[in-house]
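Data first, discussion second: the structure below is written as structure tokens.
Below, each value reflects all heavy atoms present in this structure, side chains not excepted, and no hydrogens, waters or symmetry copies.
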Amino acid sequence: MQIGFIGLGNMGAPMAANLVKAGHQVLGFDTAGVTVEGVTQVETASDAVAGADAVITMLPNGAILRAVADQVIPAMSKGAVLIDCSTVDVDSARAVADQTMGAGLLSVDAPVSGGIGGAAAGTLTFMAGGSEAAFAKAAPLFEIMGQKAVHCGEAGAGQAAKICNNMILGVTMIATCEAFALADKLGLDRQKMFDVVSTSSGYSWTMNAYCPAPGVGPQSPADNDYTPGFAAELMLKDLRLSQQAADSADADTPMGQVATSLYEQFVENEDGLGRDFSAMLPRFEKRGRE
Ligand code: NAD
């Protein structure tokens, strides 16, 4: 296939590189002028999409996605599919899908989980929203860039799945960190705490696979002085998206709300910016009951 790839950042660059390795021709555009080996760098977003069978976007947020969509949709070829892999608000995902389908093109929102490591290894999980035809056209590319793709439903369903998942992740990380901080104050050894919880009903991905306590459990950002990994500000972005969606759908999400305000405080007023989202543990460690 000929593929246009827009947004060659931490995630986009390794994803585009994997498409090249699989033998596809990739034309790439990034406003920061990033170059990726094997990807033909072009001057504008429209140049990247002209003649492409598939266009992939991997951008920071919904406003940028909408602006890029305005530029590229008129330049896309008949029958092509626009695959947005960014994490954005459900409303932007649906608006871009409407615009794409209105132009007679195929559209899939396909945010990912698996982080930079998954992007490099080609082991991302894609959660996709769009028509059967659009998903079928995108599926071979998901297979190259990832290990699993779930077709979640119509346009926006992929973003809905992503933010619900990440709301659970944010809440669970906080619960895991505050439990470790409580265990410390109760004089419980962290390794013992891990040994019990990781095989008991408190187990979770944040405890078992991404333990926030240094030197405990598998290797994680905690063992690297909380260098991300998944930065606290990205967690905050996703939690805010979850609360924006909850507002627009009139859903009651009290735990999501508390997690959002804790990460907000952490990123904006404490030392959370640029640290991994599991650095909530040293934050709780320092605090008392008040
Ligand atoms: P990033 O900031 O490294 O990359 C975004 C890229 O988009 C940058 O290189 C930037 O220059 C480029 N860009 C911005 N505006 C543009 C425009 N108008 N045209 C072309 N390029 C433009 O971010 P990232 O970590 O690669 O994340 C990308 C998306 O993936 C985000 O939506 C993020 O939430 C999501 N995500 C990230 C991770 C992760 O672990 N980093 C995991 C899952 C999902």
Side-chain angles (χ1 to χ4, degrees), residues 1 3-30 32 34-41 54-60 81 83-88 108-129 135 137-152 158-159 161-163 165-166 168-170 172-173 198 204-212 214 217-235 237-238 274-278:
M1 280 196 202
I3 300 164
F5 207 115
I6 300 169
L8 298 165
N10 290 323
M11 295 291 290
M15 290 164 72
N18 283 333
L19 293 172
V20 169
K21 272 187 228 143
H24 293 294
Q25 191 198 344
V26 183
L27 277 69
F29 173 71
D30 190 296
V34 185
T35 55
V36 178
E37 204 186 325
V39 173
T40 309
Q41 198 189 356
V55 172
I56 301 177
T57 47
M58 195 50 169
L59 297 162
V81 59
I83 306 166
D84 176 46
C85 296
S86 330
T87 303
V88 302
V108 189
D109 52 288
V112 302
S113 109
I116 298 167
T123 56
L124 295 169
T125 295
F126 289 85
M127 29 217 126
F135 181 76
K137 182 139 192 177
L141 302 181
F142 295 152
E143 253 171 57
I144 295 165
M145 298 182 289
Q147 61 182 351
K148 187 174 177 188
V150 180
H151 189 189
C152 300
Q159 296 295 349
K162 170 78 185 172
I163 56 167
N165 180 73
N166 279 24
I168 297 172
L169 178 63
T172 315
M173 180 55 86
S198 63
S204 63
W205 185 83
T206 56
M207 175 61 82
N208 292 38
Y210 203 95
C211 184
Q219 189 76 19
S220 73
D223 301 308
N224 191 21
D225 201 23
Y226 297 100
T227 304
F230 186 47
E233 58 269 29
L234 289 180
M235 184 75 254
K237 170 195 163 181
D238 291 357
R275 303 189 83 195
D276 189 73
F277 83 122
S278 60

Exercise. Just wondering, do Trp205 and Leu169 contact through their side chains at under 4.5 Å, heavy atoms?
Worked result: yes

Problem set entry | Student check: side-chain heavy atoms of His24 and Leu141 closer than 4.5 Å | yes

Problem set entry | Close side-chain approach of Phe142 and Val108, heavy atoms under 4.5 Å | yes

Problem set entry | Atom of Glu233, atom of Gly274 and distance for their closest heavy-atom approach | OE1-N, 2.9 Å

For this session: Please determine which of Leu27, Val34, Val26 meets the side-chain contact (heavy atoms from CB on, under 4.5 Å) test together with Val39.
Result: Val26

Exercise. Do Thr87 and Gln159 come close enough that some side-chain heavy atom pair is under 4.5 Å?
Worked result: yes

Exercise. Rounded to the nearest 0.5 Å, what separation is found between the CZ atom of Phe126 and the NZ atom of Lys148?
Worked result: 13.5 Å

Please tabulate, one pair per line, all N/O donor-acceptor pairs under 3.5 Å involving side-chain atoms of residues 113-125, not counting sequence neighbours.
none

Exercise. Shortest non-hydrogen contact from Lys237 to Pro60?
Worked result: NZ-O, 2.6 Å

Exercise. So, does Lys137 use its side chain to make a donor-acceptor pair with the main chain of Ala54 at under 3.5 Å?
Worked result: no

For this session: Decide yes or no on side-chain contact (heavy atoms from CB on, under 4.5 Å) for Met58 and Val112, but give the supporting numbers first.
Result: CA-CA 10 Å; Met58 195 50 169; Val112 302; 3.9 Å; yes

Problem set entry | Non-hydrogen side-chain atoms of Asn166 and Phe277 separated by less than 4.5 Å | no

Exercise. Which pair of heavy atoms, one from Gly217 and one from Cys211, lies closest together, and at what distance?
Worked result: CA-CB, 4.5 Å

Exercise. For Arg275 and Asp225, which heavy atoms make the closest approach, and how far apart are they?
Worked result: NH2-O, 4.3 Å

For this session: Kindly indicate whether the side chain of Met15, heavy atoms from C-beta on, has any atom under 4.5 Å from the side chain of Cys85.
Result: yes

Exercise. Which residues pass the side chain to side chain donor-acceptor pair (under 3.5 Å) test with Asp30, sequence neighbours left out?
Worked result: none

For this session: Give a yes or no answer on whether the side chain of Asn18 reaches the backbone of Met145 with a donor-acceptor pair at less than 3.5 Å.
Result: no

For this session: Return the minimal non-hydrogen interatomic distance between Leu8 and Phe29, and the atom names on each side.
Result: CD1-N, 4.0 Å

Seminar exercise, completed: Contacts of Asp276 meeting side chain to side chain donor-acceptor pair (under 3.5 Å) (sequence neighbours excluded), chain-then-number -> Tyr210, Ser278

Exercise. Taking all atoms of both residues into account, what is the closest heavy-atom pair of Pro14 and Gly9, and its distance?
Worked result: CD-O, 3.9 Å

For this session: For Asn165 and Lys162, indicate whether the former's side chain and the latter's backbone hold a donor-acceptor pair under 3.5 Å.
Result: no

Problem set entry | side-chain hydrogen bond (donor to acceptor under 3.5 Å, both in side chains) assessment of Asp84 paired with Thr57 | CA-CA 5 Å; Asp84 176 46; Thr57 47; 2.7 Å; yes

Problem set entry | Separation of Ser86 OG from Ile56 CD1 (nearest 0.5 Å) | 11.0 Å

Exercise. Would you say the side chain of Tyr226 lies within less than 4.5 Å of the side chain of Pro214, judging by non-hydrogen atoms?
Worked result: yes

